[in-house]
Amino acid sequence: NEKFDEGDILIRKQMPLEKKESILAMDVRLMNLGVDYLEDVISGIENNNLLPKAQAQGTYYSFPTKDDLKRLKVRGIKLFSIREFIRHFF
């Protein structure tokens, strides 16, 4: 539909989680995979071979809250490291 993130699901992929990966590193990987999958969606639309699926009433994961970050820190997961920040953005 016309609303952002409310229409049918056109493609769905899984991404393995890396041990002790930071939130920043995971977000960067997700964005890069999203670009790759966008090519698959465009091709599917052009070839009329997508099978849209309605979104189920489920949960939505946004950027972690302060409480989420505290729980992740206990598990050894950081928001980011300076090394990762420099590698991805400079």
Side-chain angles (χ1 to χ4, degrees):
N1 67 27
E2 299 81 26
K3 295 184 179 179
F4 181 75
D5 203 20
E6 289 190 8
D8 291 343
I9 296 171
L10 300 178
I11 192 168
R12 184 176 174 174
K13 303 280 185 173
Q14 291 186 349
M15 181 185 84
L17 298 177
E18 303 294 330
K19 226 176 192 178
K20 303 290 181 176
E21 182 176 36
S22 74
I23 302 297
L24 172 67
M26 189 183 318
D27 279 351
V28 169
R29 262 194 327 129
L30 282 168
M31 284 186 259
N32 289 331
L33 287 171
V35 170
D36 293 341
Y37 296 151
L38 184 59
E39 294 173 0
D40 295 341
V41 170
I42 292 170
S43 175
I45 290 170
E46 290 174 343
N47 297 318
N48 199 29
N49 64 357
L50 288 177
L51 298 172
K53 296 179 180 90
Q55 289 193 40
Q57 296 295 332
T59 56
Y60 181 80
Y61 296 100
S62 63
F63 200 75
T65 64
K66 286 183 181 181
D67 288 337
D68 294 333
L69 292 174
K70 286 177 187 176
R71 285 192 297 276
L72 290 169
K73 185 176 181 178
V74 169
R75 295 173 48 199
I77 300 171
K78 298 178 182 181
L79 178 60
F80 70 94
S81 73
I82 296 299
R83 180 176 286 139
E84 285 176 331
F85 185 81
I86 291 170
R87 183 180 61 217
H88 290 299
F89 298 106
F90 292 98

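When reading the values below, keep in mind they use all heavy atoms of this one structure, side chains included, and skip hydrogens, waters and symmetry mates.
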Do you reckon F89 sits in the same ILVMFWY cluster as I23, going by side-chain contacts under 4.5 Å, direct or chained? yes

Separation between CG of L79 and NZ of K66, rounded to the nearest 0.5 Å: 12.0 Å

I need the R83 CZ to S22 OG distance, nearest 0.5 Å. 12.0 Å

For R71, which residues count as a salt bridge (Lys or Arg N to Asp or Glu O under 4.0 Å) partner, sequence neighbours excluded? D68

Given the rule that I, L, V, M, F, W and Y join up when any side-chain heavy atoms are under 4.5 Å apart, are L69 and I82 in one cluster? yes

Following the transitive rule for hydrophobic clusters with a side-chain heavy-atom cut-off under 4.5 Å over Ile, Leu, Val, Met, Phe, Trp and Tyr, establish whether L38 and I11 coincide in one cluster. no

Does I42 share a hydrophobic cluster with I9, counting links as ILVMFWY side-chain heavy atoms below 4.5 Å and allowing steps through other members? no

When rounded to the nearest 0.5 angstrom, what is the spacing between CZ in R29 and CE in M15? 4.0 Å

Distance-only donor-acceptor pairs under 3.5 Å for side chains of residues 44-53, two or more places apart:
from	atom 1	to	atom 2	distance (Å)
N47	ND2	S43	O	3.0
N47	ND2	S43	OG	3.2

Between E84 and L24 (side chain of the first, backbone of the second, donor and acceptor by atom type, cut-off under 3.5 Å), is there such a pair? no

Single-linkage hydrophobic cluster, 4.5 Å side-chain cutoff, V35 and L10 together: no

On a heavy-atom basis, the closest approach of Y37 and Q14 is OH-O, 4.5 Å

